[in-house]
Structures are given as C-alpha cells and as structure tokens.
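Reminder, nothing fancy here: chain letters follow the sequence lines and each chain counts from 1. The analysis underlying the following values was restricted to heavy atoms, covering all of them including side chains, and did not include hydrogens, waters or symmetry mates. This structure is a prediction, so every number in the text was calculated from the model and none was measured.
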Amino acid sequence: MRLGFAVQVLGRPQLRSHDARRAPQQPHLSVSLAYLRDILVYMAEAGLHMYRMHPDLAPYITHPEMPQFHHQIDECLSELEYVGQLARLGGVRLSFHADPYTVLNSADAETQTRSRAKVIALARLLDAMQLPAEAVIVTHVGGLFGDRATSLGRFIACHDSLPPAAQRRLVLENDDRYYALADTYHIHEQTGIPLVLDRLHFLLNNPDHLSLGASLELALNTWPADVRPKVHFSSPRTEMKALAPLPGDDADAGGVRPPLWSNHSDYVNPFEFVDFLRLRPTQPNFDVMLEARAKDLAVLRLQRDLDTFAPELAM
DNA sequence: CGATGTCAAGGAATC
DNA sequence: GATTCCTTGACATCG
C-alpha cells in the first residue's frame, strides 16, 4: 500500500505544482516539468511514493482559443520521459484527476468535445512519461441534466468513443451528490472502466445503504489483475462553517478565526483509517490517495500513526 | 507587503 | 432568465 497526496507540497511551500502564469506570459509545460522534477526529488527525500499531478500541468493544452499552446507535449517529449523515469526509479505512482469542468457526459456537445480532448491530452502526458498502467486519470460521471439514465448512457457512449490510449488510463470515482457507487458500477459493467471508491463520498451518498466493506471489495475487483487498485480516503471537516459569533467574541473581530469550511479535514483520523484497512482481511494490496488539506504532511503523519497504532498495516 | 481581485471551467440551485 | 454558489491554487493588482 502506498499513501498519496494531491498537487500541493506543504512540506516545501516553495515547490510549485505547475506553471500557472497567465497566457500573455506564455506558460510552458517544460516549466511545469521542472517543478515536477523538484517535487519528485523532495518525495524521494521524504519517503513519499504517490502523487496526483495538477490537471493543468500542460497549460492551456486544449484551450479552444489558444492553439499556440497545443503542441507543448510534442515539444517536451524528452523532459516527459525524464520525469517519468524519475518517478519510476523512486517507486512513485503518478496520476491525474480531471478538473471539475471536464464533463464527459455533458448534454452540450461542445463541452463534451472539450472534455474528451482534455482526457486525451492527460493520457498523452502519461504515455509520454512512459508510466505503467497504474498511472490513471480519475474522473466523475458528470451532471444529471434532468435525466439520470440518459446521462449515464451519455457517459458510456463517450467512453466508448474515446481512443484506446485514453480508455486505458481513465478510471471512475463515485461522487458525493449525484452518482453513487451503484451508478459507477453500472458503467463499469457496460464499459469495463475500473472504479475508484471514495470513502467520504460513499458515506455522504449511499442511497442503497450498501456496506462499506462490500463496496470496497466490489470496487477493488473492477481493476485488472495486473494493475494495483486505488481508493480515495478523507475525513470530513468538523469545524464550524460560518464565523458565527461565540460568547465573549468581540462583535467585530473579523479575521481572527479563519473562514474555514470544506469537505476535507486537515489530517486523517488514524483510527478511522485503520478500521477502513481492516475491512480487508489480508494485507491491503491497494493504494490510498489521501484527500486531506495538509497534503504531504497528512501522509507523513498517517505513516507515523500507523507505525504506532497498527504496525502490521504500515508500510 | 498584505489584502483583495482574478482566472479557469460547467452545472445546479435559487430567486 | 439571470444570478449565485461550488471549488481552489496561484498569479495579478491594488493600496
């Protein structure tokens, strides 16, 4: 089991995830890849082995009005191969998560075309890095568009229409509001797409009252035998959403308490995590992407906690 | 230098 | 039908 984190590196705040300059400054994939190289070096030092890259690693790679950015993968083939080798040598599993505006089941044909182009580009990046099949692109089903069945069907049709290189990388995650595990499993049966079980989304959106253990087993078994499955794990944030005044608060003490709220807690509750792993009777043969605000720091803390509380599960 | 604004999207909910 | 919210990191701009 490897524990992963997404995009930002809080242990080295100076490390950037991608070249996020605005278009007039001509951001370039080669800059992002230099950043990624630095992140991989840090991960090797820190003992980290799983990382989700920023979906805009290649800036404006499919932006419909900026074709001048569309050839940067071709311009960076050697750098892509280099960082791919670096990841492989470090035993690092890399992945992408499509941004929330990538909607493969969109009822709007242009949106779907743009979304398909984005997934194809992400797959090209992984291929150019020469990464193994475990380097996947995670996405959600998309929107409801007033008709679940039709919208599920549109995802399946879109998946079928993707080039094989993109199909090989794409995996599907249950979401917290619209498409639960039963929906993603239906799509799996029609397409063979592997499923990422997101534990928090499952807890928030489980209309059929499935058990977590059975659902975990179901999702893990959707992966090919030679590809290690992965799941998403996070704990819900419990801080107060709003800055409601507390007794004794200055009436105008704005800014003292941070304006927090999010689905994700800063760190992972180690006891919840151990319970989750123990849903599987054997040593877990899957990887876990932590969706925690503390990012790599949450991974490092959980690794320590596992050493303390469940050494037989720690890696 | 700190604070605020902006950028990227698409969809759903609200009015 | 128009507006707002959702989400979010990092650049850009303002004071």
Side-chain angles (χ1 to χ4, degrees), chain A residues 5-29 31-32 34-36 38-39 51-70 72 96-122 137-148 150-152 154-155 158 173 175-180 183 198 200-201 204-205 232 234 236-237 239 241-242 254-266 290-298:
Chain A
F5 67 104
V7 181
Q8 260 186 314
V9 183
L10 297 197
R12 290 274 192 285
Q14 72 276 22
L15 293 178
R16 299 182 177 188
S17 59
H18 68 297
D19 188 354
R21 291 175 296 170
R22 302 290 157 81
Q25 275 64 52
Q26 300 189 56
H28 203 284
L29 173 59
V31 176
S32 291
Y35 294 162
L36 178 57
D38 295 341
I39 290 171
Y51 175 68
R52 177 197 298 171
M53 298 177 281
H54 195 288
D56 293 331
L57 190 76
Y60 300 102
I61 189 66
T62 59
H63 195 295
E65 283 156 25
M66 300 193 195
Q68 69 272 28
F69 288 96
H70 294 189
Q72 294 191 353
F96 282 116
H97 195 315
D99 65 69
Y101 306 104
T102 298
V103 184
L104 291 172
N105 80 335
S106 178
D108 176 65
E110 285 190 21
T111 299
Q112 191 184 68
T113 299
R114 279 199 294 275
S115 301
R116 187 193 282 110
K118 184 73 185 254
V119 170
I120 291 169
L122 295 177
I137 304 162
V138 182
T139 190
H140 295 284
V141 182
L144 289 173
F145 307 96
D147 181 344
R148 304 174 60 81
T150 303
S151 300
L152 279 169
R154 251 196 329 271
F155 184 96
C158 182
E173 176 189 351
D175 69 52
D176 58 354
R177 281 184 296 178
Y178 305 124
Y179 293 103
D183 301 308
D198 185 298
L200 181 57
H201 292 168
L204 294 167
N205 181 17
H232 288 178
S234 56
R237 200 166 174 85
E239 285 83 348
K241 264 171 111 162
V256 174
R257 275 177 290 156
L260 302 169
W261 92 270
S262 161
N263 279 339
H264 295 151
S265 57
D266 295 337
L290 300 188
E291 296 185 313
R293 293 166 72 91
K295 305 292 187 182
D296 52 317
L297 302 181

Specify the separation, in whole Å, of atom [atom1] of [X] and atom [atom2] of [N].
| X | N | atom1 | atom2 | answer |
| --- | --- | --- | --- | --- |
| L57(A) | dA8(B) | CG | P | 18 Å |
| H18(A) | dT8(C) | NE2 | P | 14 Å |
| E291(A) | dG9(C) | CD | C1' | 16 Å |
| D56(A) | dC7(B) | CG | P | 16 Å |
| L200(A) | dT7(C) | CG | P | 12 Å |
| R16(A) | dG9(C) | CZ | C1' | 11 Å |
| Q25(A) | dT13(C) | CD | P | 8 Å |
| D99(A) | dA8(B) | CG | C1' | 8 Å |

Practice task
Write down the partner of dC14(C) under the Watson-Crick or G-U wobble criteria, each distance required to be under 3.5 Å.
Solution key: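 dG2(B) - that is the nucleotide pairing with dC14(C), both distances being under 3.5 Å.
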
Exercise for the section: Give a yes/no answer on whether the side chain of Q8(A) brings an N or O atom under 4.0 Å of OP1 or OP2 in dT8(C). Expected result: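 Looking at the OP1 and OP2 atoms of dT8(C), neither is under 4.0 Å from any side-chain N or O of Q8(A).
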
Exercise for the section: Give a yes/no answer on whether the side chain of S17(A) brings an N or O atom under 4.0 Å of OP1 or OP2 in dA10(C). Expected result: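 So the side chain of S17(A) is within the cut-off, an N or O lying under 4.0 Å from OP1 or OP2 of dA10(C).
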
Handout entry: Heavy-atom donor-acceptor pair, R21(A) side-chain to dC11(C) base, under 3.5 Å
Key =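 No, the side chain and the base share no sub-3.5 Å donor-acceptor pair.
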
Problem - Side-chain heavy atoms of L200(A) within contact of D176(A), under 4.5 Å - result: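 Not touching, per the 4.5 Å side-chain cut-off.
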
Problem - Within-4.5 Å side-chain heavy-atom neighbours: N105(A) and V103(A) - result: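 Yes. Closest side-chain heavy atoms under 4.5 Å.
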
Practice task
Give a yes or no on whether the backbone of R293(A) and the side-chain of D266(A) come within a donor-acceptor separation of less than 3.5 Å.
Solution key: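 Pair absent, no side-chain N/O of D266(A) close to backbone of R293(A).
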
Handout entry: Whether Y60(A) side chain and H28(A) backbone form a donor-acceptor pair below 3.5 Å
Key =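 No: the side chain of Y60(A) does not pair with the backbone of H28(A).
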
Practice task
Take nucleotides 10-15 of chain B nucleotide by nucleotide from the 5' end and write B, S or -, depending on whether a protein heavy atom sits under 4.0 Å from the base, only from the sugar-phosphate, or from neither.
Solution key: BSS---

Problem - R177(A)/D175(A) salt bridge by N-O under 4.0 Å criterion - result: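 Salt bridge between D175(A) and R177(A), a charged N being under 4.0 Å from a carboxylate O: no.
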
Practice task
Using a strict cut-off of less than 4.0 Å between a Lys/Arg side-chain nitrogen and an Asp/Glu carboxylate oxygen, indicate whether D38(A) and R12(A) qualify as a salt bridge.
Solution key: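 No, no charged N to carboxylate O under 4.0 Å.
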
Exercise for the section: Could you tell me whether H54(A) contacts a base, only the sugar-phosphate backbone, or nothing, with contacts defined as non-hydrogen atoms closer than 4.0 Å? Expected result: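 Nothing, no heavy atom under 4.0 Å.
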
Problem - Interatomic distance at P, dT14(B) relative to dT7(C), whole Å - result: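 Roughly 15 Å separates the two P atoms.
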
Problem - Rounded C1' spacing from dA3(B) to dC6(C) in Å - result: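 The same atom, C1', in both gives a distance of 23 Å.
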
Problem - Parallel, tilted or perpendicular: ring planes of H201(A) versus H140(A), cut at 30 and 60 degrees - result: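 Ring orientation, 0 to 90° scale: tilted.
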
